[in-house]
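Structure first, commentary second.
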Protein chains: 2
Amino acid sequence: MSDFNSGFSSGFKLGLVGVGKIVRDQHLPAIAATPNCHLVATADPHASLPELPAYQNLEAMLDAHPEITAVSICTPTHLRYSQARAALMRGKHVLLEKPPGATLSEVEDLIACAKEQGVSLFAAWHSRFAPGVAQAQQWLAERQMQRVEIEWKEDVRVWHPGQAWIWQPGGMGVFDPGINALSIATAILPQPFFLQQARLLVPSNAQTPIAADLTFTDPQGASIEAAFDFRQSGPPTWDMHIHSDGSRLSLTQGGCRLVIDDELIIEEEEREYQGLYARFAELIANKRSEVDVAPLRQVADAFLYGHREPTEAFIE
Amino acid sequence: MSDFNSGFSSGFKLGLVGVGKIVRDQHLPAIAATPNCHLVATADPHASLPELPAYQNLEAMLDAHPEITAVSICTPTHLRYSQARAALMRGKHVLLEKPPGATLSEVEDLIACAKEQGVSLFAAWHSRFAPGVAQAQQWLAERQMQRVEIEWKEDVRVWHPGQAWIWQPGGMGVFDPGINALSIATAILPQPFFLQQARLLVPSNAQTPIAADLTFTDPQGASIEAAFDFRQSGPPTWDMHIHSDGSRLSLTQGGCRLVIDDELIIEEEEREYQGLYARFAELIANKRSEVDVAPLRQVADAFLYGHREPTEAFIE
């Protein structure tokens with residue numbers, strides 16, 4: 001797959017599809033910090049960015065800017081498939097915000113489409129770029145682990161104000177942050193793991209859970225427990241603790257802090273999206289795709305196999 | 001993957017894990033009709049077959065009969081993963097009744113495990129062996145299709161008497177028969193398709209739907225509608241109609257009857273499990289696996305992305 005054109009790919013011109021909170025908070029500063037990525041234009045029927053050409057939709061943007069070689073798709077989940085497919089069919093590289101689709105089946109089609117078109121498709125799991133993740137993965141790769149405890153709890157009113165879509169089908173409820181934990185766990189745990197039991201608490205006026213207790217295991221019989229909760233008050237808890245052969249690894253603060261056997265290994269500011277755009281640039285340069293559906297598959301499994309229990313209505 | 005040992009594999013000795021209704025109704029007659037398959041023993045803590053060595057569990061059966069080279073796993077879904085893995089790890093070929101697992105993630109692990117062990121894993125979708133399926137697939141392969149209507153309706157009291165597990169997580173409710181329709185559709189439709197919208201009717205005393213209306217599309221924008229219903233009275237409806245370039249293909253009676261443009265092409269008795277065991281024998285002889293998760297992925301997508309509506313309690 002390597003070739004001699006990598007000089008060509010050392011810079012790429014980007015279009016942004018969807019201009020919402022995550023774009024302003026995360027994508028823009030990360031793009032600005034990525035030297036070989038040049039933001040050209042945006043496509044959004046309702047929003048735009050100062051001093052940047054703005055279009056109503058992807059097609060209009062690509063028509064006006066044939067120099068765009070890559071797009072980041074940051075629209076609501078249910079819109080992503082058709083936008084991503086249209087971009088791929090026009091030979092553009094595509095970065096998909098997490099989760100990569102509303103369903104697993106549509107993501108399979110995008111994978112096939114990117115392969116056919118010979119362009120890069122990147123299903124971005126931003127939490128995998130948290131400062132402590134790579135070292136945690138390395139430490140675990142050589143070990144047998146016995147027990148994992150994941151706690152992913154935040155106040156939905158603080159972290160998702162007014163986001164009514166989160167309670168609708170496809171919004172995934174507490175799995176919207178929970179999938180970040182699952183994206184880390186599927187990256188760092190040395191064995192694949194799978195659900196044994198799940199309890200999903202669903203508000204009487206919602207389609208998606210406000211809290212979930214999950215029990216997984218792996219081929220070696222490890223015990224992996226996860227508690228996701230949107231009803232946390234005060235600061236969030238985004239922690240996982242992994243017990244392995246008498247040692248204990250703690251990856252906390254969403255992956256910003258790594259402690260192994262009481263020794264502080266890493267404590268850094270979050271700058272996940274910079275890592276994410278660096279990876280996208282690298283994938284484009286190497287003509288590769290990276291689409292790991294494992295985190296979304298875990299969520300689908302929880303919806304398929306979980307026991308739903310009604311709980312009180314959620315009033316924001 | 002071919003080798004010169006195929007003479008070796010011309011016959012195989014089989015153990016059955018789980019001796020329930022589906023085994024008595026379907027597996028036994030099909031095994032008897034498969035000349036190169038020799039049934040050796042069964043493993044089930046609660047049931048056995050006349051004149052056949054019976055064991056409490058898989059391990060005891062394999063310990064007592066090292067000559068067994070393949071097992072069929074027909075236990076309740078949530079038990080299959082660990083039994084299948086144990087059999088694969090002992091170098092046995094494995095046939096999994098549908099669905100191949102309680103979750104998609106555990107099936108992924110079995111695929112990896114079979115590959116590592118160099119044995120055949122067969123996720124059996126019996127409806128794909130219905131008489132009209134192969135010809136429907138062939139007819140569609142050369143065509144663009146515009147519209148598909150799937151109706152899969154049966155009386156749960158007649159077809160699943162006393163099967164309380166069907167209403168529990170993992171039992172899948174009306175998707176237990178519905179996955180048969182999806183296994184045919186994913187095999188014969190020329191393009192992958194994916195869910196756009198789903199409405200799941202869930203009895204107030206159940207975890208799984210009693211009826212579902214599903215709208216799918218494919219990369220070409222075809223309209224694919226499926227109606228699954230357990231509340232049918234009278235004979236079942238297991239039909240699909242496919243409209244393609246002015247022609248109409250009807251695959252009805254669960255795939256036993258194929259009509260194209262009002263011409264009767266096939267009308268045969270159902271003997272799906274014979275085809276299924278013939279395929280298993282072929283996979284073993286050719287040292288291949290066949291695990292298509294697409295039907296289960298479609299069900300997981302419907303649970304992930306479907307809109308659940310409560311309906312009246314189900315009293316058998």
Side-chain angles (χ1 to χ4, degrees), chain A residues 77-78 81-82 85-86 88-89 99 101-113 116 168-172 175 182 186 191-200 202 204 206-208 216-221 293-310, chain B residues 77-78 81-82 85-86 88-89 99 101-113 116 168-172 175 182 186 191-200 202 204 206-208 216-221 293-310:
Chain A
T77 316
H78 67 282
Y81 167 78
S82 57
R85 190 167 222 280
L88 293 170
M89 291 306 284
T103 65
L104 287 161
S105 302
E106 68 186 36
V107 180
E108 290 301 311
D109 180 58
L110 294 180
I111 295 171
C113 186
E116 225 174 84
Q168 290 305 309
M172 304 198 307
F175 285 90
L182 292 168
T186 48
Q191 298 272 345
F193 58 91
F194 34 84
L195 196 66
Q196 288 195 295
Q197 212 171 354
R199 182 170 158 262
L200 312 179
V202 183
S204 58
Q207 284 285 322
T208 56
F216 305 87
T217 190
D218 74 0
Q220 264 64 53
V293 299
L296 184 58
R297 189 163 54 210
Q298 292 285 3
V299 176
D301 283 343
F303 276 73
L304 178 66
Y305 195 49
H307 193 276
R308 296 168 80 101
E309 294 172 25
Chain B
T77 316
H78 67 281
Y81 168 78
S82 58
R85 190 167 222 279
L88 293 170
M89 291 306 284
T103 66
L104 287 162
S105 302
E106 68 185 36
V107 180
E108 291 301 311
D109 180 59
L110 295 180
I111 294 171
C113 186
E116 226 174 83
Q168 290 305 309
M172 304 200 305
F175 286 89
L182 293 167
T186 49
Q191 298 272 344
F193 57 92
F194 35 85
L195 196 66
Q196 288 195 295
Q197 211 170 355
R199 183 170 157 262
L200 313 179
V202 184
S204 57
Q207 284 286 322
T208 56
F216 305 87
T217 190
D218 74 0
Q220 264 64 53
V293 298
L296 184 58
R297 189 163 55 211
Q298 292 285 3
V299 177
D301 283 343
F303 276 73
L304 178 66
Y305 195 49
H307 192 277
R308 296 167 80 101
E309 295 172 24

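A note on names: the letters A, B, ... follow the listed sequences, proteins ahead of strands, and every chain is numbered from 1. Keep in mind that this is a model prediction, so the values were computed, not measured.
When the candidates A:S82, A:P310, A:P169 are compared by the number of heavy-atom contacts under 4.5 Å with chain B, A:P169 comes out ahead. Looking only at heavy-atom pairs under 4.5 Å with chain B, the residue among A:L104, A:D109, A:T77, A:T208 that has the most is A:L104. Interface remark: of the candidates B:M172, B:M89, B:Q298, B:Q191, B:Q298 forms the most heavy-atom pairs closer than 4.5 Å to chain A.
At a 4.5 Å heavy-atom cutoff, the contact between B:P192 and chain A is made by side-chain atoms alone. Residue B:E108 touches chain A through its side chain alone, counting heavy-atom pairs closer than 4.5 Å. Residue contact with chain A, scored on non-hydrogen atoms closer than 4.5 Å, is absent for B:F175. For B:R308, the parts sitting under 4.5 Å from any heavy atom of chain A are the backbone and the side chain alike. Contacts between A:E106 and chain B at a heavy-atom distance below 4.5 Å involve backbone atoms as well as side-chain atoms.
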task = Before giving the answer on side chain to side chain contact (heavy atoms under 4.5 Å, CB included), spell out for B:L304 and A:T103 the whole-Å C-alpha distance, their side-chain angles and the decisive distance to 0.1 Å.
result = CA-CA 7 Å; B:L304 178 66; A:T103 65; 5.6 Å; no

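How far OG of A:S105 is from CG of B:L182: 9.5 Å, rounded to the nearest 0.5 Å.
In A:Q197, the CD atom is not crowded: 12 or fewer heavy atoms of neighbouring residues, nucleotides or ligands sit closer than 6.0 Å.
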